[in-house]
Amino acid sequence: FPTSSALLRCQFEKATYVPLYVMEPDLAMCSVPARKAESTDFTMAVVLPDGTSMLSADVAHFYSNAPNITSLTPSLATTKGLSSITVHGGPFDSRFTFLVRVDATTVSGTRVDETTLQCSLPAHAPGS
C-alpha cells in the first residue's frame, strides 16, 4: 500500500466508499458500513489513488469487530506526560497496530491481551 492514506478508499457494493487507513506497508484498515443483519455476502474493493480497484478476491483480507473502550485506568493523569495508562475494552485483535490519540498527539498502544492496551501519555492540555 502507498504510505499515505489520503486518497485510499474501500468500496462496498459498488456504491459506498469509506476511508482506508494504512497501518503498516502490507496492512490497511477500513470500516464496513452498516448493512442488513442477514446480509453476509458483499463485494469489497480497495480503490487506489489513480482510481484503479483491487477486488476483495485479489486482496488478502479479514474481518474483525471494532474495539469498544469501556474504561481508562487511571481516570486522571498529570498533564506533564510520562504517565502510563491502561485502556480496557476490546476486542483488541493481535493482527493490528494500536494508536491512542490524546489531543493532537498520537502514541503507540501495546496490546497486553484481547481486552487490554497500555500506552504512555504525552504531555497534554488540562482537561483533555
Side-chain angles (χ1 to χ4, degrees):
F1 290 104
T3 55
S4 171
S5 299
L7 299 174
L8 296 174
R9 305 171 287 170
C10 286
Q11 178 184 13
F12 294 89
E13 299 302 333
K14 300 181 183 175
T16 305
Y17 291 90
V18 296
L20 176 85
Y21 301 99
V22 176
M23 309 304 285
E24 296 176 11
D26 61 348
L27 179 66
M29 178 192 75
C30 59
S31 295
V32 176
R35 60 189 193 284
K36 293 180 182 175
E38 65 273 8
S39 174
T40 58
D41 188 29
F42 57 92
T43 303
M44 186 271 292
V46 174
V47 182
L48 301 174
D50 66 3
T52 59
S53 297
M54 297 185 307
L55 297 177
S56 56
D58 300 326
V59 178
H61 62 282
F62 61 90
Y63 299 97
S64 179
N65 293 328
N68 182 37
I69 308 304
T70 57
S71 65
L72 301 173
T73 306
S75 57
L76 297 173
T78 176
T79 58
K80 295 177 183 178
L82 303 176
S83 300
S84 178
I85 190 163
T86 303
V87 180
H88 302 278
F92 299 122
D93 193 310
S94 62
R95 296 173 286 190
F96 291 110
T97 300
F98 295 95
L99 302 174
V100 178
R101 181 177 223 138
V102 178
D103 289 335
T105 303
T106 302
V107 297
S108 294
T110 301
R111 180 183 181 273
V112 176
D113 57 37
E114 187 175 293
T115 63
T116 311
L117 296 178
Q118 289 252 277
C119 65
S120 294
L121 286 179
H124 57 279
S128 56

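Counting all heavy atoms, side chain and backbone alike, Pro91 lies closest to Pro67 at O-CB, 3.5 Å. Considering all non-hydrogen atoms of both residues, Thr106 and Leu99 come closest at CG2-CB, 3.6 Å. Minimum interatomic distance between Ser84 and Pro74 (heavy atoms only, all atoms of both residues): O-CD, 3.6 Å. Listed here is the closest heavy atom pair of Cys119 and Gly109: CB-CA, 4.1 Å.
In this structure, CG in Leu72 is found 7.5 Å from NE2 in His88, a value given to the nearest 0.5 Å. Remark: Leu117 CG to Thr86 OG1 distance equals 9.0 Å, nearest 0.5 Å.
Of the possible donor and acceptor atoms, one in the side chain of Asp113 sits under 3.5 Å from a partner among the backbone N and O of Thr116.
The closest side-chain heavy-atom distance from Val107 to Leu121 is not below 4.5 Å.
By the criterion of side-chain heavy atoms lying less than 4.5 angstrom apart, applied directly or through intervening Ile, Leu, Val, Met, Phe, Trp or Tyr residues, Val87 is grouped together with Phe98 in one hydrophobic cluster.
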